[in-house]
Amino acid sequence: MSDVKTYKMMIGGEWVDASGGDTFESMNPFTGKTWALIPKGGKEDAGRAVAAARKAFETGEWPKMTATQRGHLLRKLGDLIAEKADALAQTEVRDNGKLIAEMGMQLKYVPQWYYYFGGLADKIEGAVTPIDKAEHFHYTRHEPLGVVCAITPWNSPLLLAAWKLAPALAAGNTVVLKPSEFTSASSLEYAALFEEVGFPPGVVNVVTGYGHEIGAALTEHPGVDKITFTGGPETGKRVYATGAAQLKRVSLELGGKSPNIVFDDCDMENAVKGAISGIFAATGQTCIAGSRLLVQQSIHDEFVDKLVAFAKTAKMGDPMSMDTQVGPVTTVPQYEKILSYLDIAKDEGAEVRMGGGKAVRPECGDGYFVEPTVFTGVNNRMRIAQEEVFGPVLSVIPFKDEEEALHIGNDVVYGLAAGVWTQSMRRAFTMSEKLRAGSVWVNTYRAVSYMAPFGGFKQSGVGRENGQDAIREYMQTKSVWMSYATETPNPFVMR
Ligand code: NAD
């Protein structure tokens, strides 16, 4: 194990081991081998991190800084991330097996969140109210919430951390970040960058460990004012309930079962690429996967033939290689979950048009690979059409007309995203209006930006990330009243 790297956590400006000294292994999903040892933090470490974040929120340099100074630090951080993007991307690939082509691009994009919210930090203005009480002056202040606990999943650790940390810090909060136990290394390396650009100790703490241990301890901690969580729907519900017990602010970005809807007037070549990017990019391990492909009956067979022909050209293998198109599944439990859904779909009567099992190819080595899979003959009531698989598994569902496409598209508990492929402007606007999803893409798919609000309808989440309003998720409004009356009127009645 000599080439195994050992990491430490960042609490209150110090690099520390877990209080019990325990560690756990992080596996490279392409080689199947342990490559890092991560501190296995628990309740005591959660307490230390929250105390450090609380102290930094209340005393020291951070609360004394102006919003302009905070913004400046965030922009400096963006510059440093840009410098280190390649190294951070490689750590992510080693940990989560996603393609270097995608993670390299993601990490080069992450600085934009710090530039954007850094720029916004000193533009959050209160108001003077033309108040309806004589001889009173009233104004509002937008203040930070306090200690923010940010919990992230394994699929895009640093991008999703930026969605939370950039607005939380711009607003003046302090943060305890807990990455997934499957992909903790990149967030620990990230912590060093906050230190290097000069964030005061305790403003950003990164702790690691299992979700049910340190994750739960953080969400239960009375010193946490806000939880911002991205992860699976079941964990999200548990986190929401825990937060509710103490009336904490909670925002949730959860799963999806997004419809990607192809009409017969689409540009077929582009729509085929859109369907592929919806489900096989990132090995289908994305919350916005277009895992239900709704195809208009009149072009169904031709479209599926083209899709399968294109998908068969996808190059599988080493995610560190720039020309790989489909990489391994990130975690062993996820790999087993995907395989179990392949059996569920077959038992339900879905027809395997392509793939349908483990990928056993020389280029896949000992990695956890699943064949890109296309099921046809799926109806929307099947489990394969209703439940999130989070893998390269596409369910093709035929539809007759717009009305039926909308009905099927909306007929799931989720509402994270939807795609529409059409050349009709009327249809594009109508579908965008009627699809119950937080993001709708027309003739494109999987586009995200720091400027574009992102979040779920229905059980896909609570709250929004990205865009200017996201900073409000980390602030609270105070009403300040001042009287300049010379006399206080009757004290027994309301003013
Ligand atoms: P997960 O719910 O298993 O874990 C997410 C995080 O929660 C991890 O850091 C984990 O350690 C922590 N956790 C687990 N149990 C906890 C508990 N009891 N208390 C507090 N924290 C706990 O999810 P995952 O498997 O890492 O990620 C995949 C899921 O994330 C998918 O459902 C996917 O759709 C979703 N996701 C959503 C978005 C989005 O923006 N909507 C983005 C990426 C992933």
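The figures here come from the full heavy-atom set of this structure, side chains too, leaving out hydrogens, waters and symmetry mates. Counting starts at 1 for both ligands and their atoms, following the listed order.
Annotation for ligand 1: atoms under 4.0 Å from non-hydrogen atoms of Glu181 are 10 (C), 11 (O). Interface atoms of ligand 1 facing Gly255, defined by a heavy-atom separation under 4.0 Å, are 34 (O). Remark: ligand 1 atoms within the under-4.0 Å shell around heavy atoms of Leu160 are 42 (C), 43 (C). Remark: ligand 1 atoms within the under-4.0 Å shell around heavy atoms of Asn155 are 43 (C), 44 (C). Of all the atoms in ligand 1, the ones that sit under 4.0 Å from a non-hydrogen atom of Pro233 are 32 (O). Every atom of ligand 1 with a heavy atom of Thr152 under 4.0 Å away is listed here by number and element: 6 (C), 8 (C), 9 (O). Heavy-atom proximity to Pro179, at under 4.0 Å, picks out these atoms of ligand 1: 9 (O). Of all the atoms in ligand 1, the ones that sit under 4.0 Å from a non-hydrogen atom of Ser180 are 8 (C), 9 (O).
Annotation: Lys346, atom NZ; neighbour count of heavy atoms from other residues, nucleotides and ligands within 6.0 Å is above 12. The local environment of CG in Asp366 is sparse, with at most 12 non-hydrogen atoms from other residues, nucleotides or ligands closer than 6.0 Å. Shown here is Arg464, whose CZ atom has more than 12 heavy atoms of other residues, nucleotides or ligands within 6.0 Å. The neighbour count for Lys273 NZ, taken as heavy atoms of other residues, nucleotides or ligands under 6.0 Å away, does not exceed 12.
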Name the atoms and distances for all side-chain donor-acceptor pairs under 3.5 Å in residues 9-18, with sequence neighbours left out.
from  : atom 1 : to     : atom 2 : distance (Å)
Trp15 : NE1    : Glu195 : OE1    : 3.3
Asp17 : OD1    : Lys8   : NZ     : 3.2
Asp17 : OD2    : Lys8   : NZ     : 3.3

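Within the structure, the closest approach of Phe454 to ligand 1 falls below 4.0 Å when heavy atoms are considered.
At the shortest separation from atom 36 (N) of ligand 1 among protein heavy atoms lies Cys287 CB, 3.5 Å. Scanning all protein heavy atoms for the shortest distance to atom 15 (N) of ligand 1 gives Thr235 CG2, 3.2 Å. Of the protein's non-hydrogen atoms, the one nearest atom 25 (O) of ligand 1 is Trp154 NE1, 2.9 Å.
Under 4.0 Å is where a charged nitrogen must lie from a carboxylate oxygen, and between Glu25 and Lys40 no such pair does. Under a 4.0 Å N-O distance rule, the pair Arg446/Glu102 qualifies as a salt bridge.
For ligand 1, the polar-atom distance check against Tyr210 finds no nitrogen or oxygen pair separated by under 3.5 Å. Between Glu388 and ligand 1, an N or O atom pair is found at a separation short of 3.5 Å. In terms of polar-atom proximity, Lys178 is counted as a contact of ligand 1, with an N or O under 3.5 Å from an N or O of the ligand.
When the heavy atoms of Asn96, Leu254, Ile151, Asn466 are ranked by distance to atom 21 (N) of ligand 1, first place goes to Ile151.
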Full working for ring-ring contact (aromatic ring centres under 6.0 Å, His included) between Trp163 and Tyr450: CA-CA 8 Å; Trp163 293 18; Tyr450 49 92; over 10 Å; no

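Proximity of atom 9 (O) of ligand 1 to the protein is indicated by at least one non-hydrogen atom lying closer than 4.0 angstrom.
Side-chain atoms of Thr283 come within 3.5 Å of backbone N or O of Gly327 as a donor-acceptor pair.
Every residue was checked against the ring-ring contact (aromatic ring centres under 6.0 Å, His included) condition with Tyr341, not counting sequence neighbours, and none meets it.
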